[in-house]
Structure formats: structure tokens, C-alpha cells
Enquirer: 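My structure is below; once you've seen it, I'll send some questions.
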Protein chains: 2
Amino acid sequence: MDAETDDIQRNKHPTRDIDPIDRKILGVLVEDATISYADLGERVGLSPPAAHERVKRLKRSGAIRATSAIIDPRAVKKPLLAFVHIDTRGWGKTPELMAVSKYPEVEEIHTVAGDTCVLLKVRTEDTRALEGLLGRLYDTPGVTSTRSYVVLSTYLERPVQPEITSEFPAPKHMANPMY
Amino acid sequence: MDAETDDIQRNKHPTRDIDPIDRKILGVLVEDATISYADLGERVGLSPPAAHERVKRLKRSGAIRATSAIIDPRAVKKPLLAFVHIDTRGWGKTPELMAVSKYPEVEEIHTVAGDTCVLLKVRTEDTRALEGLLGRLYDTPGVTSTRSYVVLSTYLERPVQPEITSEFPAPKHMANPMY
DNA sequence: CATAATGGCCGAATTAAATTCCGCAGCAAC
DNA sequence: GTTGCTGCGGAATTTAATTCGGCCATTATG
């Protein structure tokens, strides 16, 4: 077993780091994954087979998790977006909550630090469907309360951006932390 | 100008509704957009050219907004996910906030109903970078306070699901609303 | 230092898929 | 009944994906 395969099976990432050309490739493919290897190679300064080889490696290593069609929520009758914060009695009951993943309306499930335990991102047809989904949540053992933030307008929504992280200098009035 | 083009220019959706075959196609392409038209056609019961024609129409109508590579955030050094709620002095100052879209760390910007005005989804390398980003937010005119929910674990994260909306019956103790 | 081994690239050749074209069938309007 | 329109399938053509072999640079090894 080579190092890369080993890393993948440990749910880690391969030791081979992503170089600037890889980042360029990811940037292009996030914008348009239907591009040909010929055009992709030209964008990043490689021959078509070389670009192909890079993309194969990025998929194999897990850096590219999938290639997916991005659907307009309005086209599939799910125009209502909401974020639902859920309080539970401690952490013991969160596994039951994961069952909500069976509903296609639920797009994200996270546990968060703060005044809630679980955070959902849900997309429904209307407020009636959202109400029904919340009703299901209250039927789940351990759920003590929920708080929903209904989205009025969405100004930006995009996939993970592979560009190099911007510099965000800490506010000037703060001393440099040790770490 | 045909009806479809007209709808797109009005930022509406074409009148031609998405039939069950279209939904099947969307479902397949969300899972794997690299599938060939031959295989796609077989999955949905169409010939390759017919499947091709359907996909072209779905793209033209805007139902398929893009085809994108899904990147593992860890691979591009953005393992820290957080949701940031921002309070502003009324709505007048929200346009200034949209400038944060220039940072690739910001994935989503919404205005929400509830006790905040703006909700951001951000992905940073570490808490230091998040701190820097929050510092930038406080420098933005109109921002009075922020509340951040740092994600501990993500259990589900998937694109818009084109499947038919599940039935969420309202809780039994509620009478049927008029609408 | 010399030399072998590796990894990544390119160009050409081959294979597979996308795309076009055309005729046909179902359906609606008239 | 006829006309026009829309979506489908099969065949042909064009384009892209994929494979292969050889080359160069870097790195390990004696």
C-alpha cells in the first residue's frame, strides 16, 4: 500500500501537498467542471494529458470529492431557505437527530459551539412545509427547543473556494497571541 | 423571443415545468455530473441524444446553474466552519456588508428574519483567521454586534436535492390553517 | 561523484463520447 | 383531416478522453 492510499483509508489527506497548479485547477473546476482537458491544460499551463493526470490524482486523493450539478432551488420547488438551531438535553440525544438526514429538505447538519447543540440548514417549498418539519423535530426525543432563522434574501452562495487564504490581520488593539 | 428566453431575462423560471424524467436527470447529475449521456439515458430511460437534449434544456432554463467540482475544505486548508450572525443598525447599512463577498472565506451571505439582520457562512484556516475576519466585520459601518457559531462536527452537507418534497404533516394538535 | 530510480511531463495514437443531422411518431390547433 | 410543433431514436461525424512510450529533472543510492 502506498502512502496516498494509506492516508485515504485513515480519513486523512495525502502527504503530497497541493501545489499552485493544483490550486489553479481546483479554481477552474469549481467554476466549470465541464471544461475539456485541453482547455483546462491551457488555463494552467499544462498539456491535456498532464492536466488529466492532475485531476485524476486530485480525485483519488479526495481533494475533489465529487463533480455535481448545481440546481436552482426554485426550479425544484424549494424556494424557502431556513437555518434551524436546536437545543437538546445534552449531547446524548443528538444521534437520534441525525435521522432527519433522510429528508431531502435537510441540506446540512452540524453540531456547534454556542447556545445550541445542533444546527440545520433546510430548504422547503413554503412555510407550511417548514412548519411540518419543525413538528417532526419536536417529536424527536431530547429536543427541548428550536429557533429558526428564515432567509429573506440570499446575496451570495458558492462552493468551497480553493484560493489561497486571504490575510485577515487581527485588530490592532490586540497584542499578538502566543498561538 | 420565445417564452423560455423571456422568463430567463425576467429572472423567473420557464413555464415549462420539470417532469419526472427531468427530476430523475437532476438527481443523477447532482450525484455525479461526469456520467456519459449514454449511461444517463439508460438510467432515465432515454436514448443518448434525448438525454443530451434534456440536459441542454435544463441548463438553458437555469434549472442547472452550473456544474462544479466539490472540494474537500481540509484539502485547501479551510477546516474551520462557522456561522456568523450580524446585527446592524437597521437595513440601511447592509449594502456595505456585501463587500465581504470579496473574501473567498465567505461562502454565503443571507439576510434573515429573526433577531439578526445578516447571516454569513464562513470557512477559515483556524481561529486566528476567523478572529481577523470578525475584526474586519466590526470595521464595517453599521455593524453593532456579531454572534458566531463555530461548527464542531459536520454530519451532513449536500447540494440541493431535486427529489420530490416529502410530506411533513403539521402537528396533530393544530387545526388546519386557511392557507 | 556516478548512477539508478522515480515522478511528472509531452506528443502521437487509439478509443470513447459528444454532437449533429434527419426522419418519424404523438399531439394540439385549426 | 391537415398542418405545425415537439420530443425521440438511429446513424454519421466531429470532438474529446484516455492510453502509451519516451524524455527530462530531481532525488535516492552505491
Side-chain angles (χ1 to χ4, degrees), chain A residues 1-8 12-70 75-76 162, chain B residues 1-8 12-70 75-76 162:
Chain A
M1 182 189 295
D2 63 7
E4 191 175 280
T5 309
D6 186 53
D7 282 336
I8 291 170
K12 292 175 60 180
H13 277 278
T15 45
R16 188 188 192 292
D17 46 336
I18 290 184
D19 66 20
I21 294 182
D22 287 329
R23 267 183 200 279
K24 273 191 187 175
I25 289 175
L26 292 177
V28 171
L29 293 185
V30 161
E31 293 301 320
D32 177 16
T34 68
I35 191 173
S36 71
Y37 290 118
D39 290 346
L40 175 61
E42 191 169 4
R43 290 277 296 275
V44 304
L46 288 176
S47 70
H52 181 216
E53 182 62 36
R54 292 261 190 170
V55 173
K56 265 200 300 186
R57 197 182 46 209
L58 288 169
K59 287 181 176 172
R60 205 151 24 88
S61 73
I64 297 177
R65 294 204 288 206
T67 300
S68 173
I70 308 299
V76 292
Chain B
M1 181 189 295
D2 62 11
E4 192 175 279
T5 310
D6 184 52
D7 282 335
I8 292 170
K12 292 175 58 181
H13 276 276
T15 46
R16 187 187 193 290
D17 45 337
I18 291 184
D19 65 21
I21 294 182
D22 286 330
R23 269 185 200 277
K24 273 190 187 177
I25 289 174
L26 293 176
V28 171
L29 293 184
V30 161
E31 292 300 319
D32 177 15
T34 67
I35 192 174
S36 70
Y37 290 118
D39 291 345
L40 174 61
E42 191 169 6
R43 290 276 297 273
V44 303
L46 288 177
S47 70
H52 181 216
E53 182 61 37
R54 290 262 190 169
V55 173
K56 262 199 303 186
R57 186 159 36 105
L58 288 168
K59 286 182 176 172
R60 206 151 23 89
S61 73
I64 297 177
R65 294 206 286 209
T67 299
S68 173
I70 308 299
V76 293

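In this text the structure is predicted, and so the values were computed from the model without any measurement. Throughout, a chain's letter reflects where its sequence line sits, starting with A, and its residues are numbered from 1.
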Enquirer: Find the distance Leu40(B):CG to dA16(C):P and express it as a whole number of Å.
Expert: 20 Å
Enquirer: Could you give the CG-to-C1' distance, from Asp19(A) to dG7(C), as a whole number of Å?
Expert: 13 Å
Enquirer: Does His52(B) make a side-chain N or O approach to OP1 or OP2 of dA18(C) shorter than 4.0 Å?
Expert: no
Enquirer: Quick one: pull up CG in Leu58(B) and CG in Asp22(B) and give me the separation to the nearest 0.5 Å.
Expert: 4.5 Å
Enquirer: Could you state the CZ-P distance from Arg54(A) to dA17(D), rounded to the nearest angstrom?
Expert: 18 Å
Enquirer: Closer than 4.0 angstrom, basic N to acidic O: yes or no for Asp19(B) and Arg54(B)?
Expert: yes
Enquirer: Mind running a 4.0 Å heavy-atom check of residues 44-51 of chain A against DNA chain C and sending the residues that fall below it, in number order?
Expert: Leu46(A), Ser47(A), Pro49(A), Ala50(A)
Enquirer: Looking at Arg57(B), I'd like to know whether one of its side-chain N or O atoms comes within less than 4.0 Å of OP1 or OP2 on dT6(D).
Expert: no
Enquirer: From CD1 of Ile35(A) over to C1' of dA17(D), roughly how many Å is that when rounded to an integer?
Expert: 14 Å
Enquirer: Among all residues two or more places apart in sequence or in another chain, which pass the side-chain contact (heavy atoms from CB on, under 4.5 Å) test with Val30(B)?
Expert: Ser68(A), Ile71(A), Pro159(B), Gln161(B), Pro162(B)
Enquirer: Write down the distance between CD (Glu53(A)) and C1' (dA16(D)), rounded to a whole number of angstrom.
Expert: 17 Å
Enquirer: With heavy-atom distances below 4.5 Å as the criterion, would you say the side chains of Leu40(B) and Leu29(B) are in contact?
Expert: yes
Enquirer: Side chain to side chain donor-acceptor pair (under 3.5 Å) with Ser47(B): which residues, sequence neighbours excluded?
Expert: none
Enquirer: Please state how far atom OH in Tyr37(B) lies from atom P in dG10(D), giving the value in whole angstrom units.
Expert: 19 Å
Enquirer: CD1 of Ile21(A) versus P of dG7(C): gap in Å, rounded?
Expert: 18 Å
Enquirer: Under 4.0 Å between a Lys/Arg side-chain N and an Asp/Glu carboxylate O for Asp17(B) and Arg23(B)?
Expert: no
Enquirer: Can you tell me the distance, in whole Å, between the CG atom of Asp22(B) and the C1' atom of dT6(D)?
Expert: 14 Å
